[in-house]
Amino acid sequence: MHLSSVLSSSQTYMAPWLSIFGDFTKDASAMYNNFRVYGTGLLCVMGLIVYVGVKFVNKFATVALACVIFSIIAVYAGIFDNIDGNDKLFMCILGKRLLKDVAVANCSKDEGGVLWNYFCASGECDPYFKEQNVSLVRGIKGLKSGVFFDNLLPSFLQEGQYIAYGLDPEHIEPLDRPSYNQVYADLSTAFTILIGIFFPSVTGIMAGSNRSGDLADAQKSIPIGTIGAILTTSTVYLSCVLLFAGTVDNLLLRDKFGQSIGGKLVVANMAWPNQWVILIGSFLSTLGAGLQSLTGAPRLLQAIAKDGIIPFLEPFAVSSKRGEPTRALILTLLICQCGILLGNVDLLAPLLSMFFLMCYGFVNLACALQTLLRTPNWRPRFKYYHWCLSLIGLTLCISIMFMTSWYFALIAMGMAVLIYKYIEYRGAEKEWGDGIRGIALSAARYSLLRLEEGPPHTKNWRPQILMLAKMNDDFTPKYRKLFSFVSQLKAGKGLAVVVTLIPGDFTKRAGEAAAAKQALRKVMDDEKVKGFCDVLVASNIADGLSHAVQTIGLGGMKPNTVIIGWPYGWRQSEHDRTWHVFLQTVRHVSAARMALLVPKGINFFPAIGDKVTCAMFRYSAKCAAVLMPYFRPLLIEQIAGNIDIWWIVHDGGLLMLLPFLLKQHRSWKNCKMRIFTVAQMEDNSIQIKKDLKMFLYHLRIEAEVEVVEMMDSDISAYTYERTLMMEQRNQMLRKLRLNKREKENVVQAIVDHHHHNDNNTKTASKVRFADPSENKETGNEETDREEKNETESEKDKDTKEATENDKHAAGDDKLANNVSSSPVKDKKAGGDATKAADDVKSGFKPDEGNVRRMHTAVKLNEVIVNKSHDAQLVILNLPGPPKETYMERETKIYYSTVFPVYFLNSLQSQKNVDMEFLEVLTEGLERVLMVRGGGREVITIYS
């Protein structure tokens, strides 16, 4: 920009005879070509000057500054010296239009004269020439002329319109006639355009900041120098604008290249004592400003490269032996050369203004943010600062950007966003602080405090997921597709937290926990799971999961939905940890009133990257290995079919909300929803179906509805046999464990004697999942009173039995000692597994409650498999673990104290029964999602 000003002043006013491409006053393209040629040469010279060193530039700056000050004084003196105007500049006016290339002596309409030859060259004179008169007008009228009031009014023109007094269309419109030698606007003008052209002239105020590394005391010199520069330039420029408006004629002010006065510089003809003071001063001032910019820009570029903010600029961080940024200087010269090749300075000025305004705007934004966020490291030394000033400056910068050129403003902002995203993607080697991160922290704090004010509204409910992941010894997930399932549910835009546990002592395994967290984060990134991850170290896995369920989350952003994998190898496991941890977690999640999702058959669920359709991956394994990490997020398996929802327990609609969220993902979007609900024979199935359809209509959920009727038939032989096999297996496992030691075998016999007569278990005729002894939360008061009385009687009975057992405890211990010393008993204790199994089968009768529960599971499984055997996903209610009654708790305390071995084995047997029910319920289904609501989630018809 400064180079263009140097060339413009020298070629137009000082040495017009240096034009290479002809008369630039008649052809503007000739001037632009001259700019390109001379600008390239001048840029090389200035580059060499800067390369010599900053000391030489500083010495030249002193000379240039003296010339500028003397020029400004000469301008003010000339304005007041010519207060009555002067006769140095005259303009030839046709009517109200400005003419060019006309000498003062030739400004007449005489036939055969210069103007006659222009307007009557074709034999017929121009109508405007015939109607209007020609006059000579002084260009410099002086402050006493009152021209100031004529220049207050706007005189903006469109491209091609004539420069004339006023805005009368008769005088400014060309009317499809030749322009002859009339002066016209070469571009459309407006207030914003003029700001864009004028603004680069006041951009030198940041010169001190750009060269802060060369200052002895930057924090003291920069504020003083910057404020002094702003006050000085503002005073000079504003006062000159007002004084020129009161001195120079309106037409001459708008004559861009001075064509009406023979290309002369107006301010030079006003100056005192001679015009060459202004010409030399303007030349040196613009040249000095260009040198200052060419000195500061490479150093600023080198500083950015040294900070490592933009990685590809690292080569420009190198300095020469003299400490000069040679590489950065070369890059700066190349960028300047691109601007010189544009030629037209008016096209370049708005673009440069955008970058300057962006720079000033970001400086103001950074200062305001640091103050508002109360950053501890933000300690400005300048006392007279307030964040309101920065916001005002930012607003003005953005306003001027769009006022000047909205498309250039958008381009500049787009480039700024791309640079920021590039820095964010590649990362900076040195972290200097991020204002946006500070905003995010403040907004997060504010939002968390707002969420703590009350429970979330029903219509704002969405699954905030807590995923309990199981990791292998090498810190790889055991079920990777569980992460994909969480990502597919994230269409609800909720929170996702992934937690895994490592058994052991945290002080000894802290390093392994950090490595596991890093591996967990990598898996989440690969599977596009946006959320948080954490690793807990606990001595007991079940207790660790319980702690995670209770404590994970912050304020109102606590998870409300837990996802846990199904323990597939619980039958084959040598110990009970797999299913014991699972059932304990189910109990803990239910106690926390959180929803629970248990996907079964997770390896059959769709995942990212399962279908590779690219031909290059099929034919080139090497290419696939290299490109797969980049293309994997784009390769998503899509399935088509039905998602069947078996709505057995009406839990507020969670079962219908989950498939809706899954369908928002590309993997499930081609699936259709089918809802099945179970009814008894005495229910009105037609009305149930009608009401359910209407309910879905109000929910704006498209799904097919079907009501399945189930008969309360007698217990089938298969159900009885399946229950018998289940209980026999549990009994046999318990006997096999007890045969290891004789003492335990005897204790078991005593326990069996005490539990020979079991209490009758109540049953229910309705379809239900819970244990028959579990009390419903809803029911009539009479039933509640009966169950309460029954519990109290059982409590009294158990208390009596406990007293009797306490009396005989010593005798039982003595009997156990006598039997353990008997060789005959030792021989029987060494019996094989077959004998143990035969003992169990003989005379064994399954528990009636277990038979009925198994009957429910079998009948439901038959119906589900019959209706949903071809479904892509089956969603059904997860049966909850049976609650403990008072009698069970007292019995557990007693037997865990007196007969601990029997207590442990009976507890394991009961939980084996719960796992067996779940296996039977989902048998024959490929993809199953078992859901248990927490009681807080409700799907509503309101938006």
If we ignore hydrogens and angles and just use 3.5 Å, is the side chain of [X] paired with the main-chain N or O of [Y] as donor and acceptor?
X: R254; Y: I163; value: no
X: N82; Y: M270; value: yes
X: R97; Y: A164; value: no
X: Q182; Y: S179; value: yes
X: R327; Y: P315; value: yes
X: D81; Y: A77; value: no
X: T286; Y: F283; value: yes
X: N250; Y: N151; value: no

key: Heavy atoms from other residues, nucleotides or ligands near NZ of K264 exceed 12 (cutoff 6.0 Å)   = no
query = In terms of heavy-atom contacts, does CZ of F156 have more than 12 from other residues, nucleotides or ligands at under 6.0 Å?
reply = yes
query = Can you check side-chain contact (heavy atoms from CB on, under 4.5 Å) on R138 and D249, steps first, answer last?
reply = CA-CA 8 Å; R138 286 202 308 181; D249 185 81; over 6 Å; no
What's the separation between atom [atom1] in [X] and atom [atom2] in [Y], rounded to the nearest 0.5 Å?
X: K100; Y: Y184; atom1: NZ; atom2: OH; result: 5.5 Å
X: T295; Y: Y51; atom1: OG1; atom2: OH; result: 14.5 Å
X: Y407; Y: I411; atom1: OH; atom2: CD1; result: 8.5 Å
X: L143; Y: S145; atom1: CG; atom2: OG; result: 7.5 Å
X: Y237; Y: T232; atom1: OH; atom2: OG1; result: 10.5 Å
X: L396; Y: I400; atom1: CG; atom2: CD1; result: 6.0 Å

Say whether [X] and [Y], considering side chains only, have a donor N or O and an acceptor N or O under 3.5 Å apart.
X: Q158; Y: S188; result: yes
X: S239; Y: Y76; result: yes
X: Y385; Y: S390; result: yes

Trace of the side-chain contact (heavy atoms from CB on, under 4.5 Å) decision for N269 with I140 = CA-CA 9 Å; N269 286 273; I140 301 175; 4.1 Å; yes
Closest approach of [X] to [Y] (non-hydrogen atoms, all atoms of both residues):
X: L391; Y: A368; answer: CD2-CB, 3.9 Å
X: S260; Y: L252; answer: OG-CD1, 3.9 Å
X: E324; Y: V50; answer: OE1-O, 4.3 Å
X: M401; Y: A412; answer: CE-CB, 4.4 Å
X: L243; Y: T247; answer: O-OG1, 2.8 Å
X: N364; Y: Y360; answer: ND2-O, 2.8 Å

Is there a side-chain contact between [X] and [Y] (heavy atoms, below 4.5 Å)?
X: H386; Y: I392; answer: no
X: V267; Y: V75; answer: yes
X: L287; Y: M46; answer: yes
X: N33; Y: V37; answer: no
X: I79; Y: F244; answer: yes
X: L98; Y: M91; answer: yes
X: K306; Y: S319; answer: yes
X: W406; Y: L410; answer: yes

task = Show the numbers, then the answer: is there a side-chain contact (heavy atoms from CB on, under 4.5 Å) between V248 and V147?
result = CA-CA 7 Å; V248 184; V147 73; over 6 Å; no
side-chain contact (heavy atoms from CB on, under 4.5 Å) between L279 and W276, intermediate numbers included = CA-CA 5 Å; L279 295 177; W276 284 100; 3.8 Å; yes
